[in-house]
Amino acid sequence: MDDLRSLDFDVQIAADVTEAARLLSAVPADRRVALVDPRFVGHVHALRLGLTDPRFPAATVPGALTAQPEARPALVRALSATAAAVGAGAPTGATTATVTDRTVPGRLAATMDAAGTAVQRPELGSLVAAVPADDSARTTAQSAVDAVDEEAVRLRSAVKAHDGFFTTFFISPYSRYIARWCARRGLTPNQVTTASLLTALIAAGSAATGTRGGYIAAGLLLLFSFVLDCTDGQLARYSLQYSTMGAWLDATFDRAKEYAYYAGLALGAARGGDDVWALALGAMVLQACRHVIDFSFNEANHDAVANSSPTAALSDRLDSVGWTVWLRRMIVLPIGERWAMIAVLTAVTTPRIVFYALLIGCAFAACYTTAGRLLRSLTRKAERTDRAARALADLADSGPVAQIVAARGPRIGGAWSAPVIALVGAGALIAAATQQPFGSVQMIFAAVFYAICSGIAVARPLKGALDWLVPPIFRAAEYCTILVLAARSDVPGALPAAFGLVSAVAYHHYDTVYRIRGGTGAPPQWLVRVIGGHEGRTLVVAVLAAVLTQHSAFTVALTALAVAVALVVLVESIRFWVSSKAPAVHDEGEPA
């Protein structure tokens with residue numbers, strides 16, 4: 001009973017199922033309830049995992065079952081269905097109910113599952129959760145409880161199961177203790193996430209000073225920001241403080257920190273007479289395109305069936321060789337390795353070298369991962385679902401022009417038609433941006449051709465083997481066009497303005513991914529139409545480049561466009577996530 005009270009449950013006891021149902025009905029409808037066998041023997045953290053995780057409507061461990069408000073009707077129906085089979089001597093109600101029949105929680109969970117309400121069963125690992133049938137079994141279970149260091153298990157399970165080499169061996173060994181320190185002082189993951197953002201912004205400010213001392217401070221602060229970035233997730237797992245807002249903050253703040261730091265480095269370099277804005281924007285574009293390749297491929301194969309790819313089988317075999325796992329995790333340059341490289345190079349070299357290293361490293365990682373995904377796609381035999389096609393269409397971010405072309409234009413068949421058409425349009429667009437003189441009307445024609453190709457590419461459901469390439473092609477076309485036109489304009493401030501525009505648009509694209517991952521679908525169509533879609537924004541930038549070729553007008557126009565897109569996207573995004581009932585999305589830690 002004390003263990004349950006330590007988890008903030010109000011414990012009441014019922015003599016049978018009928019009384020349990022009565023007590024449960026007296027609990028306010030907006031509260032979680034739980035049923036626990038009074039003979040339960042186990043660790044407190046096993047109960048915490050089973051009864052307090054906010055991500056799941058219903059969950060169970062041996063001897064205990066919980067239901068959040070949305071799952072309580074299913075629990076009441078299961079109680080009614082189970083009462084006849086179990087008879088008297090069942091659970092309790094109020095906020096926590098105790099049962100005298102050890103099979104009741106399990107039977108209730110099975111009944112709820114069968115009726116269509118999923119009941120989560122967390123992995124307990126070495127933790128104990130049991131309902132002994134006699135004194136001998138109780139003694140054995142208690143010995144098993146005493147043999148396990150519960151706090152050590154809890155700390156270990158707070159660490160993400162599959163993380164990068166640098167994070168696993170250089171951050172997590174001590175950041176988990178920072179997470180525990182925060183939990184014992186009542187700090188929340190969102191507060192730690194915010195502290196990580198503020199630290200990174202201070203690091204960006206230090207880099208913007210352009211001094212060696214500022215660069216050293218920036219590198220150290222960036223590393224500390226990453227420590228806090230790891231701590232917030234570990235704190236969420238340690239104390240099970242998951243939330244929709246927390247998942248969104250953690251995901252979006254990572255992008256904000258990295259982009260702000262790039263801008264800080266560019267400002268610092270400018271103070272020293274070195275203009276690296278094009279490199280900073282190039283690094284951001286490359287990183288964003290890498291991410292959309294990952295997102296697009298994963299969504300395309302989220303629920304694909306009949307996967308028989310020999311490439312995937314080879315990867316599974318390599319997973320059994322430990323050193324290959326770490327090598328493959330390192331060469332994709334995940335956030336830990338990437339930030340460590342940025343921090344060290346900032347402290348000892350120059351911003352230009354930092355960006356060169358980033359571009360080379362990210363380009364290699366992008367080639368490696370894309371090649372692997374291409375091989376998997378070409379060698380697998382799978383049927384993609386309507387859900388996957390819808391997700392790819394949402395990730396494409398097609399605006400009004402592309403939607404009109406898709407609805408009224410030709411529908412070209414063929415297994416590879418969508419990515420080929422998208423690539424033709426993107427190639428023509430980028431070729432015009434790089435080859436035609438800045439301000440040439442040919443750029444507008446190329447943008448129109450790109451918009452038409454974009455509509456034709458998405459006219460049919462994106463279910464082909466390589467159709468997951470369509471969103472990355474669109475991202476690369478839009479971002480690179482803005483980068484090239486700003487760089488070739490030779491207008492003061494154009495590249496920083498372009499950096500701001502790409503940042504705002506990239507936020508919209510990341511926000512789309514997080515909504516799809518949360519199971520709430522893409523942003524509303526009105527938002528996509530208002531900000532033009534990828535082809536509409538590209539056409540607007542092309543027109544601005546052709547019309548505003550004198551003085552600072554192009555810079556002012558890019559800045560105004562960036563501000564407009566940022567305001568619309570941020571306001572709608574914040575409104576959605578603050579009010580959203582979407583489930584939190586967090587990576588799991590190690591099994592307890």
Side-chain angles (χ1 to χ4, degrees), residues 2-11 30-36 40 42-72 95-96 105 109 118-129 148-163 172 175-194 228-251 518 580-592:
D2 290 340
D3 289 345
L4 291 170
R5 292 190 179 97
S6 72
L7 300 177
D8 294 327
F9 283 107
D10 176 22
V11 180
D30 61 345
R31 297 182 63 186
R32 174 197 291 269
V33 295
L35 307 174
V36 182
F40 176 88
H43 293 99
V44 176
H45 193 53
L47 285 175
R48 181 180 290 107
L49 290 171
L51 303 182
T52 68
D53 195 324
R55 296 173 296 173
F56 308 109
T60 186
V61 293
L65 171 68
T66 187
Q68 295 209 64
E70 59 267 36
R72 282 181 55 180
T95 301
T96 299
V119 180
Q120 174 70 12
R121 292 168 173 79
E123 292 187 53
L124 298 181
S126 58
L127 295 177
V128 176
V148 175
D149 185 342
E150 180 178 8
E151 182 60 21
V153 172
R154 188 179 177 188
L155 278 171
R156 187 173 67 249
S157 62
V159 177
K160 190 186 296 185
H162 304 290
D163 222 328
S172 293
S175 61
R176 69 186 74 180
Y177 295 100
I178 301 176
R180 180 174 67 181
W181 183 89
C182 292
R184 290 177 176 177
R185 283 152 183 82
L187 297 177
T188 67
N190 290 356
Q191 290 171 331
V192 178
T193 301
T194 303
L228 293 177
D229 185 55
C230 296
T231 300
D232 63 2
Q234 291 165 357
L235 175 58
R237 300 181 200 100
Y238 182 85
S239 55
L240 300 186
Q241 297 183 73
Y242 299 109
S243 69
T244 300
M245 176 66 76
W248 172 65
L249 289 178
D250 185 57
S580 173
K581 301 300 181 183
V585 181
H586 278 283
D587 292 322
E588 294 289 347
E590 293 284 0

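What you see below is based on every heavy atom in this structure, not just the backbone, and it leaves out hydrogens, waters and symmetry mates. Numbers here are sequence positions counted from 1.
- Taking every heavy atom of both residues into account, V148 and S126 meet most closely at CG2-O, 3.5 Å.
- A search for side chain to side chain contact (heavy atoms under 4.5 Å, CB included) contacts involving A59 returns T66, Q120, not counting sequence neighbours.
- In this structure, the side chains of S6 and V44 come closer than 4.5 Å at one or more pairs of heavy atoms.
- Closest of all the heavy-atom pairs between L51 and F9 is O-CZ, 3.6 Å.
- Evaluation of the side chain to side chain donor-acceptor pair (under 3.5 Å) rule for T60 yields no partner, not counting sequence neighbours.
- L49 has its side chain out of reach of V61: every pair of non-hydrogen atoms, C-beta onward, lies at least 4.5 Å apart.
- At distances below 3.5 Å, not a single donor-acceptor pair connects side-chain atoms of E150 with backbone N or O atoms of L127.
- In terms of the side chain to side chain contact (heavy atoms under 4.5 Å, CB included) criterion, residue partners of N190 (sequence neighbours excluded) are, by chain and number, T188, S243, M245, L249.
- Between P57 and E70, the shortest heavy-atom distance links the atoms CB-CG, 3.7 Å.
- For the pair I178 and V192, the minimum side-chain heavy-atom distance is 4.5 Å or more.
- For the atom pair L240 CG and T52 OG1, the distance stands at 4.5 Å (nearest 0.5 Å).
- Of all heavy-atom pairs spanning S157 and H45, the tightest one is OG-NE2, 3.9 Å.
- Here CG of D232 is found 4.5 Å from CG of D250. Values are rounded to the nearest 0.5 Å.
- Residues passing the salt bridge (charged side-chain N to carboxylate O under 4.0 Å, His left out) test with R48: none are found, sequence neighbours excluded.
- Residues satisfying the side chain to side chain contact (heavy atoms under 4.5 Å, CB included) criterion with L187, sequence neighbours excluded, are W181, C182, Q191.
- The minimum heavy-atom distance linking V128 with F40 is given by the pair O-CZ, 4.5 Å.
- The shortest side-chain heavy-atom distance between Y242 and R237 falls under the 4.5 Å cut-off.
- For E151, the side chain to side chain donor-acceptor pair (under 3.5 Å) partners at least two apart in sequence or on another chain are R180, Y238.
- The minimum heavy-atom distance between A129 and P62, with the atom names listed, is O-CB, 3.3 Å.
- Every residue two or more places apart in sequence or in another chain that forms a side chain to side chain contact (heavy atoms under 4.5 Å, CB included) with A179 is listed here: T231, Q234, L235.
- For S239, the side chain to side chain donor-acceptor pair (under 3.5 Å) partners at least two apart in sequence or on another chain are Q241.
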